[in-house]
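Just so it is clear, the values below take in all heavy atoms, side chains as well, and ignore hydrogens, waters and symmetry mates. Just so we're on the same page: letters track the sequence lines, and every chain starts at 1.
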Number of protein chains: 2
Amino acid sequence: MEAPHCKFETVLEILVGKWKPVVLFHLFSNGTMRFSELQKAIPDITKKMLTQQLRELEYHDIVHRKIYHQIPPKVEYSITEHGKGMSTVLQAMNDWGMSHLTHLNELYGEERSVESFEGRLDEVIKG
Amino acid sequence: MEAPHCKFETVLEILVGKWKPVVLFHLFSNGTMRFSELQKAIPDITKKMLTQQLRELEYHDIVHRKIYHQIPPKVEYSITEHGKGMSTVLQAMNDWGMSHLTHLNELYGEERSVESFEGRLDEVIKG
DNA sequence: AAACCTAGTATACAAAAAGATACCTATATG
DNA sequence: CATATAGGTATCTTTTTGTATACTAGGTTT
């Protein structure tokens, strides 16, 4: 990952990647999840991608990784306190994003999908 | 560009790409800029990339493209009214991004560059 | 008439991100 | 003693992004 050039690019750095938003969504929703639970929740993600995204989020101290030293292994992921502070930004992005989708629909018609993975990130990050 | 899966991904869709943030920064700062002025402001960008980013921003109705039918050609770019509505989100991202950088510095030391292209997007989008 | 200007497009190529698949660890279970 | 288990890594291929370079249009300047 490169150093950010402007402050809001830091946020982008955290969020970009095909799977980061979904992963965050599930962790914000469920609080604590095991690696395998995340895999089940996001069926199309490969282990490699899931690991990668989680490690990047961990680097940014958005996600905490708790290892249980047992066999078979058990690892739990959760949003850190610092990570929870992101919810305001996510909320702002979500709100404007919604109105932007409406705007796009006005401009181009209803072709765009507005469906989300269960579609309730807004509710989730508020709580 | 794919359809977004969650609302805040719409915002990401607008912002991702190596050059989108810089382009937006300059347009928010300068109000109206010609293609060539943008090129000068962002020396490393190629015409192809600049065109591409601008077209994507135009599609999202963030940037307006005004063509003067003269030769040699003249085309001016500016932020649309709809685009200006994004400034709140950018501001939120910027603010949290700044505090996040501080947090990262506390965690990992001062290795990370906090420099931005002139570093004043926050001032610019407030105005 | 040749060269120059601006705002591009076209084509080929390199680099980065993502995907597919196989493999590893060490214990518990059948 | 073979197999399953959970959470990964390693390696290779494909796809997506971004870069480099050349070319175009058509009026203006030299």
Side-chain angles (χ1 to χ4, degrees), chain A residues 1-6 9 12-27 30 32-60 63-78 117, chain B residues 1-6 9 12-27 30 32-60 63-78 117:
Chain A
M1 250 179 284
E2 274 180 62
H5 306 295
C6 197
E9 293 194 85
L12 290 180
E13 208 183 302
I14 295 171
L15 256 29
V16 292
K18 185 166 174 183
W19 301 104
K20 294 255 182 64
V22 215
V23 171
L24 282 176
F25 171 79
H26 285 289
L27 287 176
N30 296 33
T32 294
M33 290 178 88
R34 295 183 63 170
F35 187 87
S36 49
E37 291 179 309
L38 280 164
Q39 267 194 106
K40 271 164 215 155
I42 314 166
D44 286 348
I45 202 170
T46 62
K47 289 170 170 204
K48 182 197 166 192
M49 278 297 109
L50 183 52
T51 307
Q52 205 176 95
Q53 311 301 296
L54 286 168
R55 291 293 142 83
E56 288 173 25
L57 292 168
E58 199 192 348
Y59 168 82
H60 280 279
V63 156
H64 178 245
R65 177 159 177 260
K66 183 171 182 184
I67 305 153
Y68 295 81
H69 291 285
Q70 0 173 316
I71 281 177
K74 176 178 175 182
V75 179
E76 280 179 353
Y77 292 92
S78 55
F117 26 83
Chain B
M1 247 178 287
E2 274 180 63
H5 306 294
C6 197
E9 293 193 86
L12 291 180
E13 207 184 300
I14 294 171
L15 256 28
V16 292
K18 185 164 174 184
W19 302 103
K20 295 254 182 64
V22 215
V23 170
L24 282 176
F25 170 78
H26 285 289
L27 287 176
N30 296 33
T32 294
M33 291 178 88
R34 296 185 61 174
F35 187 86
S36 51
E37 292 180 307
L38 280 165
Q39 266 194 106
K40 272 164 213 153
I42 314 166
D44 287 348
I45 201 170
T46 63
K47 290 166 170 208
K48 185 195 167 194
M49 276 297 108
L50 184 52
T51 306
Q52 203 175 97
Q53 310 301 294
L54 287 167
R55 291 294 142 82
E56 287 174 25
L57 292 168
E58 200 192 347
Y59 168 83
H60 280 278
V63 157
H64 179 244
R65 178 160 175 258
K66 182 171 183 183
I67 306 153
Y68 295 82
H69 292 283
Q70 39 180 55
I71 281 179
K74 176 176 174 182
V75 179
E76 281 179 351
Y77 293 91
S78 54
F117 27 84

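The closest side-chain heavy-atom distance from A:Glu13 to A:His60 is below 4.5 Å. Side-chain contact check for A:Leu50 versus A:Gln39: some heavy-atom pair is nearer than 4.5 Å. At a threshold of 4.5 Å between non-hydrogen side-chain atoms, the residues A:Lys20 and A:Glu56 count as touching. With contacts defined as side-chain heavy-atom distances shorter than 4.5 Å, the pair A:Gln52/A:Trp19 does not qualify. Annotation: side chain of A:Val63 is not in contact with side chain of A:Arg65 (no heavy-atom distance under 4.5 Å).
In this structure, B:Ser36 reaches the C:dA7 phosphate: one of its side-chain N or O atoms is under 4.0 Å from OP1 or OP2. For the OP1/OP2 pair of D:dG7 and a distance below 4.0 Å, the side-chain nitrogens and oxygens of A:Arg34 include at least one atom meeting the criterion.
Atom pair A:Met49:CE and D:dG8:P shows a separation of 15 Å (rounding to whole Å applied). Rounded to whole Å, atom C1' of C:dA7 lies 14 Å from atom CD1 of B:Ile45. One atom, CG of B:Leu54, and another, C1' of C:dT6, lie 14 Å apart when rounded to the nearest Å. For the pair B:Lys74 NZ and D:dG27 C1', the computed distance is 16 Å after rounding to whole Å. The NE2-C1' distance, from B:His69 to C:dA7, rounds to 13 Å in whole Å. As rounded to whole Å, 14 Å separates atom P of C:dA16 from atom CH2 of B:Trp19. Between the CD atom of B:Gln70 and the P atom of D:dG26 there is a distance of 16 Å, rounded to whole Å. Between the CG atom of B:Leu50 and the C1' atom of C:dT6 there is a distance of 13 Å, given to the nearest Å.
Among the atoms of the strands shown, base atoms are found under 4.0 Å from some heavy atom of B:Lys47. Using a 4.0 Å heavy-atom criterion, one finds that B:Tyr68 contacts no nucleic acid atom at all.
Comparing A:Pro72 and B:Glu37 along DNA chain C, the residue whose closest nucleotide (by nearest heavy atom) sits nearer the 5' end is B:Glu37. Residue-to-nucleotide proximity on DNA chain D shows that, of B:Ile71 and A:Gln39, the 5′-proximal contact is made by A:Gln39.
In the set C:dG8, C:dA7, D:dG7, C:dA7 carries the atom at the smallest distance from any side-chain atom of B:Pro73. Out of C:dG19, D:dG8, D:dG18, the shortest distance to the side chain of A:Tyr77 is found at D:dG8. Out of D:dG27, C:dA18, D:dT5, the shortest distance to the side chain of A:Lys18 is found at C:dA18. Listed nucleotides C:dC5, D:dG8, C:dT9 differ in distance to B:Arg55; the shortest reach to its side chain belongs to C:dT9. Of the candidates C:dG8, D:dG26, D:dG7, C:dG8 carries the atom nearest the B:Phe35 side chain, counting heavy atoms from C-beta on. Ranking D:dG7, C:dA18, C:dG8 by closeness to the A:Gln52 side chain, first place goes to C:dA18. Set against D:dG8, D:dA6, C:dG8, the side chain of A:Arg65 has D:dG8 as its closest nucleotide.
In terms of heavy-atom proximity, A:Gln53 sits nearest to A:Gly17 at OE1-CA, 4.2 Å.
A donor-acceptor contact under 3.5 angstrom links the side-chain atoms of A:Lys48 to the base of C:dG19.
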